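Data block below; observations after.
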Amino acid sequence: MKVNYATSNNMSLRSHLKRLNLLYNRTAYNLVLPIVTTTTLGASALKKVAPWLTAALGIVPQPSVICPIHILFVVVLLIIMATVYLSLHRRAVYLVDYACFRPSSNLRLTKATFLEHARLSPLFDDSTVNFIATILERSGMSDHTCAPPVHHYIHPYCGLDEARAEVELVVFSIIDDLMAKTHINCGAIGALITNCGAFSPVPSMADMIVNRYKLRGDLRVINLSGMACSAAVTSVGLASNMLQVMPWGSHVLVVSTETIGPSYYGGNKRSMQLVNILFRIGGAAKLLSTSRSMARFRLGHFTRTITAANNVAYQCVYQEEDDKGNLGIALSKDLMDVAKDALKANIMTTGPLVLPASELLKILFFYVAKKVLRWRTIRPYIPNFSVAFEHFCIHVGGPAVITSVQHGLNLSDKHVEPSKMTLHRFGNQSTSSVWYELSYIEAKGWMKKGNRVWMIGFGAGYECNTVGWVCIQPSSGMDGPWVSCIHHYPVDVSKNG
């Protein structure tokens, strides 16, 4: 095999030149341009201010010695201050709007139908059917949850075509709704982030969207997979970071869903049956920008906590095969303890960012009392996060998850109502569930200008990711997934729908 070394060297040279050109442009934009601008403006201002300043200080002007030194000192100080400010300052990021998937009535899957299909299926033994019945009864879900078409068969089969059809059904619908809301032109979208935990086709889901909507050729594209239920919150943090380096006013489209058809488990291992029972179809599309124009929420904070270094946490949500080769996702019995530890670690980071000084002082007092004064009987202080946020969107992993977070954060029943009602009406929609909860809050008319929202997502890894929003403009009209049923809620979930 012959190698053309001249061609290879030329390609290498072009690659180095391209990198140097990129480095030059970034340096010029981020450092040289601000310094030159500041110096020019500073010098111009000092010519006007210097006579007044010297007169006020009683300094006798000596152009050959004193004035140039003063001018040079002030200019250098301004340059340093401006450079530090531009280096540390983050742009504000806004949520222009969002849209959630609204499943049609023909996708409705009642608990009785689900259980009957399990009884008729040759895949499951009697003990598995009894287990399914017990979990359905305790699930907190109603008979109005929806599943993809393949789950409506007694023996669900989901090939590649069926999985792609599920993606198109959900993703294209929510993007159409979002574009109708925002009236944005496809050419204005500068970046696209998609997340889907278990289904990662080739071409990717992001490429499916680019092909459908003919998005720009220079589009920045990120396609996340394997992160499960916390990925929607992770995507917001990622979009915020991208917008810091994109031109001001750029837009990032974030699409979150979970294609559950390919994840159907056809075995009898109980820990792997939970995904079949609890997960339902859903998705959400969000448009983020650094422009405040037409925006409805401002991003407050983003905190990501990952505990995958711990083996127990790493394996508590784990895709594997059972002893008969059936592929599925197993949920460990340690899941609740792992989730509590992850949330506790996330709170330790988030608390100082959002809590008022009075709450931080209480935390400090109880810490000193326990660790320094050795008051062993004193209980740890639980911060009152309701003084930092008016609304909470907790991932709907199940009734136990919601209740655990409620007790852990000392929240009222009103605070967790959006989570429980979302689980009741739509089931566990994985990554997009927190957006259905936000939609519930807005459909109820609870969202006011200036209100703060805390989204809490849990996912494989194990991760606990949180994001805070501040409302700029409440929804002006009734729309979204709750439009046809909000008047029925809240309901008593203890009656199981």
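This one's a predicted model, so the numbers in the text were calculated from it and none came from an experiment. The chain is numbered in sequence order, starting from 1. Reckoned from all heavy atoms, side chains included, excluding hydrogens, waters and symmetry mates.
- Asn346 and Thr303 are not linked by any side-chain donor-acceptor pair at a separation below 3.5 angstrom, with hydrogens and angles left out of the test.
- A donor-acceptor pair shorter than 3.5 Å can be found between the side chains of Thr145 and Arg280.
- A pairwise comparison of heavy atoms in Gly480 and Arg102 identifies O-CD, 3.1 Å as the closest pair.
- Atom CZ of Phe172 has more than 12 heavy atoms from other residues, nucleotides or ligands within 6.0 Å.
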Before you tell me yes or no, could you show the steps for Tyr440 and Glu417 under side chain to side chain donor-acceptor pair (under 3.5 Å), namely the whole-Å CA-CA distance, both residues' side-chain angles and the distance that decides it to 0.1 Å? CA-CA 9 Å; Tyr440 179 89; Glu417 181 180 315; 2.5 Å; yes
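- No side-chain heavy atom of Phe302 sits less than 4.5 Å from a side-chain heavy atom of Asn241.
- Qualifying side-chain contact (heavy atoms from CB on, under 4.5 Å) partners for Ser127, counting only residues two or more places apart in sequence or in other chains: Asp125, Arg270.
- Shown here is Asp126, whose CG atom has no more than 12 heavy atoms of other residues, nucleotides or ligands within 6.0 Å.
- In terms of the side-chain contact (heavy atoms from CB on, under 4.5 Å) criterion, residue partners of Ala239 (sequence neighbours excluded) are, by chain and number, Ile193, Val252, Val254, Leu288.
- Within the 4.5 Å cutoff, side-chain heavy atoms of Met336 are placed close to those of Ser404.
- With sequence neighbours excluded, the residues that form a side-chain contact (heavy atoms from CB on, under 4.5 Å) with His117 are Thr113, Ile154.
- The two residues Val96 and His251 have their closest heavy-atom pair at CG2-CD2, 4.3 Å.
- Between Cys100 and Leu438 the shortest side-chain heavy-atom distance does not fall below 4.5 Å.
- Annotation: side chain of Arg425 is not in contact with side chain of Val491 (no heavy-atom distance under 4.5 Å).
- For the pair Lys181 and Tyr98, the cation-pi criterion (under 6.0 Å, within 45° of the ring axis) is fulfilled.
- Within the 4.5 Å cutoff, the side chain of Val396 has no heavy atoms near those of the Tyr436 side chain.
- With a 4.5 Å cut-off on side-chain heavy atoms, Pro148 and Glu162 do not count as touching.
- A donor-acceptor contact closer than 3.5 angstrom links the side chains of Glu437 and Ser419.
- Between the side chains of Arg304 and Ser230, no donor N or O sits under 3.5 Å from an acceptor N or O.
- Between Tyr489 and Trp482, the two ring planes are perpendicular [angle over 60°; tilted spans 30° to 60°].
- The minimum heavy-atom distance linking Phe101 with Ser173 is given by the pair CD1-OG, 3.9 Å.
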Stepwise, does the side chain to side chain contact (heavy atoms under 4.5 Å, CB included) test hold for Ser475 with Arg296? CA-CA 8 Å; Ser475 179; Arg296 298 197 48 236; 3.4 Å; yes
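- Between His415 and Phe392, the two ring planes are perpendicular [angle over 60°; tilted spans 30° to 60°].
- Looking at Asp97 and Thr182, their side chains never bring a donor and an acceptor atom within 3.5 Å of each other.
- Side-chain atoms of Ser289 come within 3.5 Å of backbone N or O of Ser250 as a donor-acceptor pair.
- A heavy-atom distance below 4.5 Å is found between the side chains of Val387 and Pro356.
- Leu335 is listed as a side-chain neighbour of Tyr462, based on a closest heavy-atom distance under 4.5 Å.
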